[in-house]
> 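One structure is given below, represented as structure tokens, and several questions about it will come after.
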Amino acid sequence: MRTFDVVVVGAGPAGSTAAYRLAAAGASVLLVDKARFPRDKPCGGGVTIRAARELPFSIEPVVEDVVDRFELRVDYSKGFERTSPKPLCLMTQRRRLDEFLARKAEEAGAQFRDGVPAAFDDGEVVIGGERIGASVIVGADGVNGVTARTFGLGLGHGHGVALEGNAPLAARYRGKLVLELGVVPGGYGWVFPKGDHVNVGVGGWQSEGPRLREHLRRLCDVHGVDAGALEELRGYRLPYRDKTSRFARDNVILVGDAAGLIDPLTGDGMYEAFVSARLAADAIVSDDLAAYESAVLAELGALHSASWTAKYALDRFPRLTLAIARAPFAWGVIARIVRGELRDPTSARGLSRAPLKALDRLGKIAEPA
């Protein structure tokens with residue numbers, strides 16, 4: 001029976017980055033994914049500069065647009081646009097990004113097997129019918145992954161839902177993210193630029209699932225997109241981690257979406273994928289798996305708490321929340337968080353604290369009992 005120090009199940013951003021870091025540190029690593037690469041995944045395809053800074057290498061080869069402007073509106077009415085003197089977000093496609101990251105892991109020394117499903121039998125990994133020995137198993141197989149189910153991890157997650165498709169690129173969207181707030185309960189609509197197209201989508205509470213097509217059609221109408229001609233239309237679930245949910249036990253660690261680690265406000269999980277990959281690799285290399293969960297919560301806890309507060313405020317008071325966001329000092333804080341210059345809103349100092357305190361109070365009022 002072949003054995004590895006680590007078997008990573010799932011070659012998305014979290015899994016491939018963990019495999020890269022582990023292999024670069026000298027561990028023997030098998031990275032496996034049931035899909036044949038390159039393959040696409042439903043995702044807006046934005047990598048914030050904060051997320052990109054988590055990587056030990058550049059993703060420039062797969063970047064299709066660089067965003068330095070945000071446009072935010074409420075109920076498809078007049079909103080505001082802000083420009084940053086530095087890039088805010090790198091736009092890519094998951095078929096390109098995930099292929100790039102998996103090959104980076106290979107270059108670092110990991111063995112990569114795609115197109116082969118993983119299963120578990122009596123605590124051992126079975127890859128394409130072959131039993132594989134592993135000192136540590138990293139579950140990076142997403143919100144519907146088999147690793148969490150097998151080992152009783154990631155229980156009690158809530159879920160959001162999203163629906164997206166691609167349309168021809170209009171020049172006015174180049175270099176800009178458009179966020180339509182207050183149009184989907186528990187979420188928003190978006191228009192994200194890519195190389196030769198835009199990704200348009202809507203997301204919100206799981207209860208909005210039956211109405212997502214209607215929401216998407218409205219978004220397309222407003223932006224002059226033919227909803228009936230959207231390509232690669234697909235829906236997906238977003239995991240909201242329950243506060244009591246475990247994402248590590250014994251020799252099994254979950255990273256990224258498999259652990260329920262996404263930002264509850266934006267629904268973006270790329271930063272969380274890269275952070276959890278780094279912390280998982282650190283815990284494995286230092287032979288201290290027990291420290292992994294607390295390290296993740298220490299790094300992401302304050303950010304996610306602030307995101308939940310803002311999400312509740314936006315859901316109940318969208319116009320007032322947008323008014324706070326456009327306050328003179330608020331945008332600077334938002335931009336610095338997106339660029340990774342501030343860890344979370346609580347790190348802000350000076351006059352910028354005033355709008356953040358107002359948003360926090362609003363969110364506390366809006367928070368469900």
Side-chain angles (χ1 to χ4, degrees), residues 39-46 64-65 67 69-81 89 91-95 142-144 158-240 257 262-270 310-322 325:
R39 62 94 178 92
D40 209 0
K41 279 279 190 177
C43 175
E64 299 187 354
D65 200 354
V67 166
R69 289 174 294 145
F70 276 23
E71 181 182 339
L72 294 89
R73 302 193 300 181
V74 170
D75 294 332
Y76 297 119
S77 60
K78 186 176 180 180
F80 69 93
E81 185 174 306
C89 191
M91 305 309 300
T92 184
Q93 297 184 62
R94 286 290 299 276
R95 68 166 59 92
V143 60
N144 301 311
H159 293 92
V161 289
L163 181 67
E164 63 171 38
N166 296 326
L169 176 67
R172 68 182 183 276
Y173 296 112
R174 179 66 68 193
K176 178 170 70 173
L177 295 186
V178 178
L179 303 178
E180 301 285 5
L181 310 177
V183 298
V184 185
Y188 57 95
W190 69 82
V191 183
F192 292 172
K194 304 297 181 69
D196 61 356
H197 65 274
V198 289
N199 179 265
V200 294
V202 291
W205 299 121
Q206 186 168 353
S207 58
E208 287 301 304
R211 291 174 288 279
L212 284 184
R213 286 184 179 273
E214 178 185 338
H215 289 311
L216 184 58
R217 188 177 304 110
R218 172 63 172 149
L219 174 72
C220 288
D221 288 345
V222 168
H223 287 273
V225 172
D226 182 356
L230 289 177
E231 297 182 354
E232 300 182 62
L233 185 67
R234 56 217 165 167
Y236 51 100
R237 294 198 306 163
L238 302 167
Y240 297 134
D257 282 12
I262 70 164
D263 187 296
L265 174 62
T266 65
D268 173 38
M270 205 68 75
K311 184 180 184 73
Y312 292 136
L314 179 62
D315 204 37
R316 186 170 171 187
F317 307 110
R319 291 188 179 278
L320 187 52
T321 301
L322 185 67

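In this chain, numbering begins with 1 at the start of the sequence shown. Remember, predicted model here, so these are calculated numbers, not experimental data.
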> With distance as the sole test, does K194 use its side chain to make a donor-acceptor pair with the main-chain N or O of D65 at under 3.5 Å?
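Looks like no, no N/O pair under 3.5 Å.
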> Does E81 form a side chain to side chain contact (heavy atoms under 4.5 Å, CB included) with K176? I'd like the steps, not just the answer.
CA-CA 9 Å; E81 185 174 306; K176 178 170 70 173; 3.5 Å; yes
> Looking at every heavy atom in both L230 and C220, which two are closest together, and how far apart are they?
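That would be CD1-SG, 3.9 Å.
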> Check V198 against P168 and note the closest heavy-atom contact, atom names and distance.
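Nearest heavy atoms, V198 then P168: CG2-O, 3.8 Å.
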> Output the distance between atom CG (D263) and atom CG (L238), rounded to the nearest 0.5 Å.
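Going from CG on D263 over to CG on L238, the span is 11.0 Å.
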> Looking at E71 and V178, would you say the former's side chain and the latter's main chain have a donor-acceptor pair under 3.5 Å?
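Answer holds: no.
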> Drop me the distance from L265's CG to Y188's OH, to the nearest 0.5 angstrom.
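Spacing of CG (L265) from OH (Y188) equals 7.5 Å.
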> Can you establish whether the number of heavy atoms outside R213 located under 6.0 Å from its atom CZ is more than 12?
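Open: at most 12 neighbouring heavy atoms sit under 6.0 Å from CZ of R213.
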> So does E208 pair up with R211, basic N to acidic O under 4.0 Å?
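Salt bridge present between E208 and R211.
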> Starting at CG of L72, measure out to CG of L179 and round the result to the nearest 0.5 Å.
5.0 Å
> For a side chain to side chain contact (heavy atoms under 4.5 Å, CB included) check, start with the C-alpha distance between V222 and R73, then their side-chain angles and the critical distance, and finish with the verdict.
CA-CA 12 Å; V222 168; R73 302 193 300 181; 3.3 Å; yes
> Within the distance-only criterion (no hydrogens, no angle test), does the side chain of K41 pair as donor or acceptor with the backbone N or O of R94 below 3.5 angstrom?
no
> Over all heavy atoms of both residues, which pair between P193 and L169 is shortest? Give the atoms and the distance, please.
CB-CD1, 4.3 Å
> Between D40 and R95, is there a donor-acceptor pair closer than 3.5 Å when you use the side chain of the first and the backbone of the second?
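Side chain of D40 to backbone of R95: a pair is present.
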> With no hydrogens and no angle check, is any side-chain donor or acceptor of R217 less than 3.5 Å from a backbone partner on D226?
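Judged by distance alone, no pair lies under 3.5 Å.
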> Between W190 and E164, is the side chain to side chain contact (heavy atoms under 4.5 Å, CB included) condition met? List the steps.
CA-CA 9 Å; W190 69 82; E164 63 171 38; 3.9 Å; yes
> Judged by atom type as modelled, is there a donor-acceptor pair below 3.5 Å linking the side chain of D75 to the main-chain atoms of S77?
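It does not hold such a pair.
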> Using a 4.5 Å cut-off on heavy atoms from C-beta on, say whether the side chain of V183 contacts that of V202.
no
> Search all heavy atoms of A167 against all heavy atoms of V225 and return the closest pair with its distance.
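Smallest heavy-atom distance, with atoms named: CB-CG1, 3.6 Å.
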> Check the angle between the aromatic planes of W205 and Y240 and answer parallel, tilted or perpendicular using the 30° and 60° thresholds.
perpendicular
> Can you spot which of V67, V200, N199, V191 makes a side chain to side chain contact (heavy atoms under 4.5 Å, CB included) with Y173?
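When V67, V200, N199, V191 are each tested with Y173, the side chain to side chain contact (heavy atoms under 4.5 Å, CB included) holds only for V191.
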> For residues R234 and N166, report the shortest heavy-atom separation together with the two atoms involved.
NH2-ND2, 4.5 Å
> Between D257 and V143, is there a donor-acceptor pair closer than 3.5 Å when you use the side chain of the first and the backbone of the second?
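Not a single qualifying donor-acceptor pair exists.
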> Salt-bridged, R218 to E180, with N to O below 4.0 Å?
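Between E180 and R218 there is no salt bridge, as every charged N stays at least 4.0 Å from the carboxylate O atoms.
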> At their closest point, which heavy atom of L216 faces which heavy atom of L233, and how far apart are they?
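Minimum heavy-atom separation between L216 and L233: CD2-CD1, 3.5 Å.
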